[in-house]
Structures are given as C-alpha cells and as structure tokens.
Amino acid sequence: MSNLEEPFRLRKRFRHEEEEEAKFIRHQQPWHKNIIDLEYGTYLGRTPKRWLYLLLFYVVFYSSLAILVAICFVGFRLTLPRHKPKWPMKQPGFSFEPSINTEMNIFYNPSNEDEVSVFVDHIENSLRKYGDVPKNYFGNCSSAEEFGYAKARPCVFLKINRIVGFKCETIDKASDLPPEAPEDLFRFLQEMSEENRHGRIWVSCQSNPPLLLLYLPQRFFNVSLVNLARIVEFKSAKESQDDVKQKYATFYNASDFQRIIAVQISNVISNVKYSILCSLWAKNIQQELHVKRPGQRGHGSISFSLKLVDV
C-alpha cells in the first residue's frame, strides 16, 4: 500500500465511525427529536435545505414525466384519423349467442326449467342491448316462446358487426358462389328473384349430423346496415342534445337488431352431439370452413355444439 492511499483510507474509516456514532445517538435520543431537533436544525431527520432539494427533485421529475406523457398523447391524437380507424379491420366481425362458455356448447335438458332459464336469460340480456326489437321480428324465436329451448327447438342468434371503411362486394347470383358454398344456399339463390338478390350478405349453417334449420326473419344481412363510411362525430357547439341522441340512435341503436339473424334448430335427437358451422358469404369476406373444434372462430365463420340431454 502506498503512503498516498493511507490518509484516504483513514478518512473513510473515520467517516464510517462517525456515521455509526450519529446513528447510535439518534436511536438513543428522545422520540420527539426525530421529528424536530432544534440542536441540529432538522425536521423529520432533514434540514430545511435538504427538504427543499428533495421537493425540487420531485417537482422537476414529475413535471418532466407529465410533459413527456402530454407530448406522446398529443402526437398520437394528431396522427389518429378523425373519421376512421388508423388500423381498420379487413372484414366484419361475426358473433354468436348464447355464448355462455368459451367452448360455445349448448348442452341442456329441455325438461329442466333451471337449465332452460340459463339460456333464456342470457339471450334476453344480449338482445336488450340492441334497441327495441319488434315483438314478432324473430317469429318463434321470441322470449314468449322461451326461444324454443323448452320445446327442444332451440334458437341461436348470429350477429354481424359494422366496420368503418368496409365496402362489401355482394354475391348477386348463384353462379358467383364459390365451389365450397353449401348446396342449399346455391338453391336458395336460384329460387330467389333477381331484384331480391342485390345488397345481401348471405348466411349458411351446416350441421353434422344434419338438422332442420330455419332462418328468421331471413337468411341474409342487408349490406347497408354493415357498411359504415365514417365514425360518428362528437357533439359540436351548434348541435342540440336531441340532435346528438338522434344521430347516435341512427348509427348505434335504432336498427341494430336488424344485424341479427335467429336460427331455429329442429329435428334434434336426444343425447346426440351435433357440430354446427355458420358462415357469411360475400366476395370480399373470407370463410374458415374447416374449424378444428367447436367454439373456434374463423374468418367469417363460427362453430358451436348442440346436445339435448334426456335423463
């Protein structure tokens, strides 16, 4: 060890001893001196000068943090389109009710009122979100009929979402259907008059083993209810509250129930498990026709299982 390093080590050792001694003294002194110590001029263990330094540090730190967050937020808002999503979806979403579990299984005993009420209550709560549905809009798939669950003719509800910036290219004749489309949909379009085939997004459901399926009120969605050119603007200073309510009702409430189709399932044999796949059909909507397991959502399609348990 050189002679130059010796004083440094001595000073370090003495400082350590002084700190230990000061700590010992603080533990031995009365408790009130830990709050205010007039001898050393400290308040809660710090002098006013050190409290000022600490306060300035936190003011500068949190001010810088707030400025950084504000810059990020403003930058994000300036680059966000006003009337359409920045990252739009490629095609509309397709959903299913009653989805009371992740596997989307409809397993129940039609004679068991408790099991039936689980599905009925779930569907009622789901439909309530989409405005005032006309009483007989879904025919026998109504709350008064318990959506067919007590009669072993359960109804499922398929809903298509709106998507901003999407313009659906519809299939207006049977020959435009792709080869993988089900045969019954091909016949359905052939039997429909030409003027009634325009502006439709078609729906098909296939079952294994086969079932009798009834689409209510029709087998298609009107494309005008799916295409959405722009996002609803916020209320301006010149708009009244009634104008705003009417505008939001036009986009989000008044006709929302028309984006729902009920499918009533008949000829169900007890204790047989059915796999059902429902799909959307348009030129620019993709389908995933080989869903690997019930409950899996593919492009433009959705699958679920049905089993009526007879005990």
Looking at side-chain heavy atoms only, is the closest gap between [X] and [Y] below 4.5 Å?
X: Phe157; Y: Leu127; answer: yes
X: Leu189; Y: Ser175; answer: no
X: Val118; Y: Ile100; answer: yes
X: Pro134; Y: Phe257; answer: yes
X: Lys159; Y: Glu97; answer: no
X: Tyr274; Y: Pro210; answer: no
X: Phe138; Y: Gln264; answer: no
X: Trp202; Y: Arg197; answer: yes

Exercise: identify the closest heavy-atom pair between Val263 and Leu158: CG2-CD1, 3.9 Å
Exercise: identify the closest heavy-atom pair between His122 and Ser99: NE2-N, 3.7 Å
Derivation of the side chain to side chain contact (heavy atoms under 4.5 Å, CB included) call for His198 and Val223: CA-CA 9 Å; His198 294 283; Val223 72; over 6 Å; no
Mind running salt bridge (Lys or Arg N to Asp or Glu O under 4.0 Å) on Asp256 and Arg259 for me, showing each step along the way? CA-CA 6 Å; Asp256 270 3; Arg259 293 187 287 108; 2.8 Å; yes
Rounded distance [0.5 Å steps], [atom1] in [X] versus [atom2] in [Y]:
X: Ile160; Y: Leu225; atom1: CD1; atom2: CG; value: 9.5 Å
X: Ile201; Y: Cys168; atom1: CD1; atom2: SG; value: 3.5 Å
X: Ile265; Y: Leu308; atom1: CD1; atom2: CG; value: 9.0 Å
X: Glu191; Y: Phe186; atom1: CD; atom2: CZ; value: 11.0 Å
X: Asn208; Y: Ser275; atom1: CG; atom2: OG; value: 6.5 Å
X: Gln190; Y: Leu177; atom1: CD; atom2: CG; value: 9.5 Å

Output yes when Lys283 and Asp172 qualify as a salt bridge under the 4.0 Å nitrogen-oxygen rule, no when they do not. no
Is the backbone of [Y] close enough, under 3.5 Å, to the side chain of [X] for a donor and an acceptor to pair up by distance?
X: Asn267; Y: Leu211; answer: no
X: Gln218; Y: Phe220; answer: yes
X: Ser63; Y: Val60; answer: no
X: Asn161; Y: Gln91; answer: no
X: Asn105; Y: Phe107; answer: no
X: Gln206; Y: Leu277; answer: no

Under 4.5 Å between side-chain heavy atoms, hopping through other hydrophobics if needed: is there a path connecting [X] to [Y]?
X: Val272; Y: Ile106; answer: yes
X: Trp51; Y: Phe57; answer: yes
X: Phe304; Y: Leu216; answer: no
X: Phe221; Y: Tyr137; answer: yes
X: Ile123; Y: Val268; answer: yes

Distance-only polar pair, side chains of Asn222 and Ser224, donor-acceptor under 3.5 Å: no
Could you tell me if Asn196 and Ser193 have a donor-acceptor pair between their side chains, going purely by distance under 3.5 Å? yes
Run the numbers on Ile276 and Val156 for side chain to side chain contact (heavy atoms under 4.5 Å, CB included), then give the verdict. CA-CA 11 Å; Ile276 302 173; Val156 298; over 6 Å; no
Does the pair Ser305 and Lys273 meet the rule for a side chain to side chain contact (heavy atoms under 4.5 Å, CB included), with working shown? CA-CA 7 Å; Ser305 296; Lys273 183 179 179 180; 3.7 Å; yes
Step-by-step side chain to side chain contact (heavy atoms under 4.5 Å, CB included) determination, Ser204 to Arg219: CA-CA 8 Å; Ser204 71; Arg219 192 175 177 168; 3.6 Å; yes
Which residues pass the ring pair (Phe, Tyr, Trp, His ring centres under 6.0 Å) test with Tyr108, sequence neighbours left out? Phe119, Tyr149
